[in-house]
Amino acid sequence: MTQSSMPELARKPSAGFDLKLWGPFLALAGLIVLGTLVNPVFLSPANLANVLTRTAFTGIIAVGATFVITTGGIDLSVGSLAAFTAGVMIVVMNALVGPMGAGMGAGWPVVLVGMLAAVGLGLVAGLVNGLLVTKGRIEAFIVTLGTMGIFRSLVTYLADGGTLSLNSGMRAVYRPVYYGGLFGIPTPVLVFAAVALIGAVILYRTRFGRYCAAIGSNDEVARYSAIDVDRVRLLAFVLQGLCVAIAVILYVPRLGSASATTGVLWELEAIAAVIIGGTMLKGGHGRIWGTVVGAVMLTLIDNILNLTGAISVYLNGAIQGAIIIVAVLLQRGTASKR
Amino acid sequence: MTQSSMPELARKPSAGFDLKLWGPFLALAGLIVLGTLVNPVFLSPANLANVLTRTAFTGIIAVGATFVITTGGIDLSVGSLAAFTAGVMIVVMNALVGPMGAGMGAGWPVVLVGMLAAVGLGLVAGLVNGLLVTKGRIEAFIVTLGTMGIFRSLVTYLADGGTLSLNSGMRAVYRPVYYGGLFGIPTPVLVFAAVALIGAVILYRTRFGRYCAAIGSNDEVARYSAIDVDRVRLLAFVLQGLCVAIAVILYVPRLGSASATTGVLWELEAIAAVIIGGTMLKGGHGRIWGTVVGAVMLTLIDNILNLTGAISVYLNGAIQGAIIIVAVLLQRGTASKR
Amino acid sequence: GWAQQKIKMGVSIPAATHGWAGGLNWHAQQAKAKLEKQYPNLEVVLVTARDVGRQANDLEDLVSVRNIDALVILPFESAPMTDPVRAVKQAGKFVTVVDRGLTDPSIQDLYVAGNNPEMGKVSAQFMKQKLGGKGDIVVLRGIPTVIDNQRVDAFQEEIKGTQIKVLGMQYANWNRDDGYKVMQDFLSRFPKIDAVWAQDDDIALGVIEAVKQAGREKEMFILGGAGMKDMIKRVMDKDPLVPADVLYPPAMIAEAMEITAKHLVEKAPIKKEYIIEATLVTPENASKYYYPDSPF
Amino acid sequence: MSSQPVLVADSVAKSFGPVQVLFGVDFNIIPGEVHALVGENGAGKSTLMKILAGYQPPSAGSIRVDGEPVHLSGSGPAEALGIVLIHQEFNLAEHLTVEENISLGREIRRGLFLDKPAMRNRARAALAELNCAVDPDARIRDLSVSERQMVEIAKAVSRSVRVLIMDEPTAVLTGAETEVLFRLIRRLTAQGVGVVYISHKLDEVKAIADRITVLRDGRRIGTHPAELLGHDDIAQLMVGRPMSDLFPTKQPPAPDAPVVLAVEGLSVPGWVRDASFQLRRGEILGFAGLVGAGRTELMEGLMGLRHRSAGTLRRDGQPLRVRTVADAAKAGIAYLTEDRKGKGLLVGKGLRPNLTLLALDRYGRVFIDERKEATALDRAIEEFDIRVKSPDALVGSLSGGNQQKLLLAKTMQVAPQILIVDEPTRGIDIGTKQQIYRFLHDLARRGTSIIVISSEMPEIIGLSHRVVVMRSGAVTGTLSGEDITEAEIVRYATGLKGMKGIPHDPVLHA
Ligand SMILES: Nc1ncnc2c1ncn2[C@@H]1O[C@H](COP(=O)(O)OP(=O)(O)OP(=O)(O)O)[C@@H](O)[C@H]1O
Ligand SMILES: Nc1ncnc2c1ncn2[C@@H]1O[C@H](COP(=O)(O)OP(=O)(O)OP(=O)(O)O)[C@@H](O)[C@H]1O
Ligand SMILES: [Mg+2]
Ligand SMILES: [Mg+2]
């Protein structure tokens with residue numbers, strides 16, 4: 001049989017405009033139009049800066065969640081972990097402020113130690129979650145449901161049921177990390193962008209990122225391809241812990257406090273951002289930029305509702321829910337019609 | 001989420017003692033021993049009756065969730081739906097109490113109408129969730145995240161931000177549904193047992209149950225096997241709605257009210273019960289009796305914590321979390337060591 | 001043995017899921033320690049619940065397995081907890097209800113409470129006075145519950161007929177972060193705000209940060225509520241942003257526990273009701289309400 | 001071919017729980033040779049190969065590489081030694097792209113980061129070697145089984161390999177692709193690579209093998225130079241009895257037999273354009289074509305499994321609406337998929353639920369009659385000769401051929417009047433194949449109409465009363481009687497005959 005007779009089979013996945021790929025971005029654009037219609041203030045730089053800054057916390061956490069979910073896992077403990085980490089960070093800084101002093105000179109080292117403590121705790125917590133999932137062979141859902149309760153409890157205990165507040169001298173030093181910025185862009189937004197960028201590079205351009213998707217798609221195949229499945233899974237949880245720590249480092253200077261209410265339901269928000277962004281809940285396919293858009297969308301919906309007085313406050317949740325569904329319906333709908 | 005797609009062994013359910021199968025029951029036995037050690041009163045019939053009665057609400061919901069999860073879906077809206085259904089039920093009954101009267105004679109018809117309203121609403125809500133998932137082609141996670149907000153909002157709106165309370169005359173009529181019983185067994189326990197039994201029969205002995213498992217394990221295979229995948233998925237959500245309605249019918253006579261805080265986090269509890277019971281979050285394999293045990297375990301942990309005064313109240317959550325992990329770790333651990 | 005003769009007092013309160021409830025938990029634990037030391041034959045059983053259903057469960061457990069003699073309860077919500085508390089009463093226990101009255105007051109032996117409508121009213125009165133009866137304000141509410149409604153309704157009732165206009169009202173869930181976010185958006189939405197009624201000190205702290213960030217401290221003042229130490233301190237220090245606070249002290253649980261314990265152990269006679277007034281805290285009286293050691 | 005064996009299995013045994021499937025098997029591979037391994041379904045071929053490639057540890061016995069005993073604790077170490085296995089069952093991550101799968105575990109990096117262009121080039125080169133025009137950026141789940149098989153082969157040969165083990169690589173490939181593969185194998189052996197070749201297509205074995213080892217019931221029956229064994233000898237060694245003719249004598253239906261199914265102008269966007277054919281009562285209609293001709297897609301479109309853009313169906317002359325498989329089933333049409341793992345069987349479930357899944361309504365209206373199911377399973381095991389150690393086994397633990405038999409049994413549960421089988425004997429041993437051919441033959445004689453899609457030319461030729469040939473999504477010709485010859489089919493399939501100037505891209509208008 002002659003070779004020339006082989007039909008041209010090559011199908012290009014990139015043929016034309018991929019609505020499945022661009023769906024989240026279109027939905028975001030739709031929301032922005034809606035916001036502008038509701039209240040022109042929406043487009044003011046101050047409001048946009050507010051929105052993006054707020055998104056930073058859950059957004060950064062959601063970047064981590066993208067990895068965990070891509071491997072086919074789930075992490076319910078991130079909100080509690082954020083609260084616990086914030087609590088520990090404050091306790092550490094308050095404890096150091098005595099010996100090291102809170103003056104402008106000595107302040108930064110204390111903040112740095114606090115940050116290190118946060119990062120350390122985040123990594124350890126991720127490691128614990130990851131080890132229980134991989135070595136303990138327990139479903140990620142159950143492990144992190146358990147640690148969710150544990151971390152939440154620990155911060156309540158640490159705060160004696162109340163609120164842990166950062167020493168006011170320290171706050172003055174630390175404040176710029178949240179309220180400052182570069183070229184008019186708030187620091188949290190910059191950090192969020194950096195985390196997302198690094199996340200995207202890791203997910204799309206490194207072996208680890210590929211392995212995450214491979215494991216989520218079919219862990220047996222991954223194992224057969226000589227991938228250390230447990231290690232990759234573990235690392236995804238550790239990365240998630242690191243992201244939580246980074247989010248907390250930005251969060252603490254905002255209000256300078258942590259309590260049992262800190263970070264409640266952040267896990268749901270982070271997971272929602274990831275899924276809205278087009279990552280599959282069952283794993284196998286992760287999309288960092290989608291996650292970023294998903295996180296921004298969720299904040300935008302809140303913001304838009306706050307900018308209008310037209311609706312009974314009781315119905316805010318309903319509008320939120322409806323917008324989420326419609327936004328995703330539109331992007332899926334258009335995508336499937338191709 | 002660590003199960004592999006390629007089974008290692010031809011598992012004979014009858015060959016010896018299957019720890020994977022019996023794990024949840026062993027963990028339950030362990031908890032009972034722990035409870036007895038902590039406080040011998042634990043084993044008193046009154047306490048056991050209390051525990052089982054309490055389990056009924058989330059237990060019944062979890063039976064429904066077993067179906068949804070078995071098909072590979074998830075339903076986050078059950079807690080809010082329970083609140084909304086309770087609200088509507090109360091509003092309906094209160095509205096009827098005028099024309100129909102609340103006397104002992106006229107009371108029961110009103111209660112019946114209320115129950116019908118609850119069941120109707122549950123079915124419709126399940127239908128909406130199901131249609132959005134199947135026809136809308138949106139991930140169940142997002143659909144039910146949206147409807148979760150919507151139902152919660154609607155009950156808040158209905159209650160005007162406060163609490164909806166059942167007319168006291170009606171309460172007197174309705175009370176026995178929760179507080180009464182047969183042969184000393186509380187009604188909710190009987191209903192729970194019946195729901196679980198029917199659920200088990202449906203899941204294990206009917207075509208629908210088979211189809212649920214088939215779809216969850218590979219929906220393509222199901223489609224190629226002439227199964228109407230969308231219809232089965234839809235029905236699973238409707239069944240879930242029905243279970244929520246039944247739970248609400250038992251719940252309303254207990255506290256006689258509904259508010260924005262009713263049923264908060266029940267979804268998490270129900271899903272946790274299902275997963276602890278050995279159903280796979282990815283779908284394909286459901287276990288009703290496991291779910292029942294999981295639900296009982298979760299209530300038991302609360303109960304045991306109430307039996308001892310040894311621990312700081314702040315740490316309750318931590319103990320809970322740790323017990324959940326350890327219980328599952330033990331059952332999985334022993335199972336994998338075979 | 002003597003352990004059997006111990007008097008058991010059950011205390012059921014909501015878990016520390018927001019600032020005020022955290023204060024409540026702290027005061028309850030302090031009181032427990034203090035009372036158990038003071039009365040060696042008293043055992044205080046403290047349970048916390050994160051929703052109504054669980055609180056009802058707790059009551060069952062307190063009666064059936066902990067075998068308490070008296071119950072001090074701060075109901076999660078009034079209406080749903082009425083029947084479960086009635087069941088405790090019917091089991092022959094002494095019942096003290098704190099803060100949130102049951103729908104059937106005849107159940108309780110003792111009622112210790114703050115006054116929610118009063119709190120809204122006092123807040124409104126202060127607003128009227130401080131604004132001179134005229135101005136634009138925004139309101140940040142708690143979570144949708146009866147208490148929240150009582151406060152807000154009384155507030156609105158009180159400002160009726162004045163020229164005070166409520167520009168916007170949103171739930172901030174008794175939470176600092178939400179207070180911050182909602183206020184940020186209010187600030188974007190309204191170019192001129194004369195005052196903020198935050199209703200709760202946790203929310204108020206978030207509001208303060210948002211106002212500061214927008215650089216609009218000069219434009220408005222903020223009225224919180226509850227009596228959190230940070231806020232009392234600000235009032236004491238004459239912070240122009242926080243001219244006053246309205247008291248709604250979580251310490252009421254301790255008071256209720258003390259009265260109940262005293263009655264149980266010493267058979268001391270009691271009044272049937274102790275209402276803690278919603279006192280307006282101003283720089284003049286602030287030092288009286290400042291507890292630097294409390295976590296709240 | 002004088003050199004020392006690179007890879008040696010020394011009395012290897014393997015048990016799964018209480019079930020022993022290999023009994024002290026010796027096996028070795030010499031550099032530059034093609035060593036064929038044949039045996040009945042469930043003989044233990046795949047298991048032995050998995051042990052050689054490190055996927056499973058042996059229960060007893062040892063593996064030696066270059067004379068040194070090794071303990072392969074996974075496929076990683078085996079690959080490091082140059083031992084690569086192409087799985088019988090697909091071993092690709094569905095959500096990943098072709099390139100990602102080919103590179104999986106062996107990514108090329110520049111510094112810390114992936115060198116995607118390099119990997120894409122490598123993938124493209126590997127595919128080009130196989131004459132396979134799949135886009136490296138296509139996702140696996142969008143590919144047909146034959147394309148997946150090519151990717152699987154490309155994945156294996158793109159590694160640095162000393163021993164290449166191929167477990168039924170051609171089960172879903174047509175003659176053309178098989179030719180390409182054989183050229184590749186010859187090139188590799190010329191470079192000194194040792195190849196183990198497992199196949200149930202004995203012609204192929206004869207054509208490519210230097211030595212042949214026969215396995216029966218987990219025991220090695222013998223190893224012989226290929227030139228000493230004839231086709232029939234191999235078959236006899238395998239099944240342990242002499243083989244008669246593979247195909248029963250054709251008994252075509254009468255020329256005026258009623259047309260039970262008429263397909264008119266059926267199009268499946270992107271795959272099939274304007275296909276028409278007719279099927280008579282009691283007829284076996286073969287469908288031939290190259291990989292990618294669109295035969296599978298045509299049938300899936302017919303069954304309501306794919307979106308159709310045009311086309312009408314007539315059943316016994318009456319217009320028929322088929323929008324779902326259930327509609328087709330109601331009209332007495334059943335389809336056996338070529339993708340048994342992805343679309344055919346639930347590998348994580350037992351035999352019983354799999355067998356009855358398609359026809360569950362026949363096992364009770366509301367409640368399932370499990371006894372009836374069990375009886376049906378017993379019958380199916382008997383009728384289709386499914387070799388299973390325990391009826392409670394999970395389908396995933398069956399050998400490939402036995403899974404295929406189960407799939408066939410499952411499809412037959414609905415007792416269809418029109419049976420469409422897509423690669424029906426994929427992975428089935430010669431003995432059973434004969435049984436299946438006889439089965440299909442008898443079915444047709446009793447009035448069932450059968451469509452057979454097959455990549456095995458002898459199968460098409462030996463079974464079909466008429467043959468429809470497709471190319472690039474279009475029907476190019478229909479052959480019957482004496483015209484059914486390999487040469488003629490190939491002419492139509494490659495476009496030398498049939499349609500003038502076949503456009504290369506005729507069906508992509510959606
Ligand atoms: N993981 C497993 N668990 C239990 N039994 C298994 C497992 N894998 C294989 N077997 C059994 O081992 C035997 C040999 O299977 P194997 O796959 O090696 O056969 P094969 O020769 O490759 O057959 P085929 O030609 O059908 O592919 C079969 O009876 C099979 O059921
Ligand atoms: N005109 C065309 N242009 C591009 N691709 C085509 C065209 N026609 C067919 N194809 C290819 O046809 C293939 C059809 O799938 P498939 O290989 O299953 O066909 P088939 O006839 O069933 O072959 P087999 O069963 O042997 O694999 C797809 O890979 C598709 O890319
Ligand atoms: Mg095999
Ligand atoms: Mg095909």
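Letters A, B, ... are given to chains in the order of the sequence lines, protein chains preceding strands, and every chain is numbered from 1.
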Crowding at OH, A:Tyr157 (>12 non-hydrogen neighbours, <6.0 Å):
no
Which of B:Asp160, B:Ile324, B:Ile323 touches chain A most, by non-hydrogen pairs under 4.5 Å:
B:Asp160
What's the verdict on side chain to side chain donor-acceptor pair (under 3.5 Å) for B:Thr163 and B:Ser257, showing C-alpha distance, side-chain angles and the deciding distance?
CA-CA 7 Å; B:Thr163 304; B:Ser257 72; 5.8 Å; no
Can you tell me which of B:Leu268, B:Leu145, B:Ile325 forms the most heavy-atom pairs within a distance under 4.5 Å of chain A?
B:Ile325
Side chains of A:Gln240 and A:Asn129: closer than 4.5 Å at any heavy-atom pair?
no
What part of A:Met148 gets closer than 4.5 Å to chain B, counting heavy atoms only: side chain, backbone, both or neither?
side chain
What residues, two or more places apart in sequence or in another chain, satisfy side-chain contact (heavy atoms from CB on, under 4.5 Å) together with B:Val128?
B:Val124, B:Leu132
Report the option among B:Ala318, B:Gly321, B:Gly149 that has the most heavy-atom pairs separated by less than 4.5 Å from atoms of chain A.
B:Ala318
side-chain contact (heavy atoms from CB on, under 4.5 Å) assessment of B:Val264 paired with B:Arg152
CA-CA 9 Å; B:Val264 165; B:Arg152 177 74 55 207; 3.7 Å; yes
Would you mind telling me which of B:Ile271, B:Thr147, B:Leu154 has the largest number of heavy-atom pairs within less than 4.5 Å of chain A?
B:Ile271
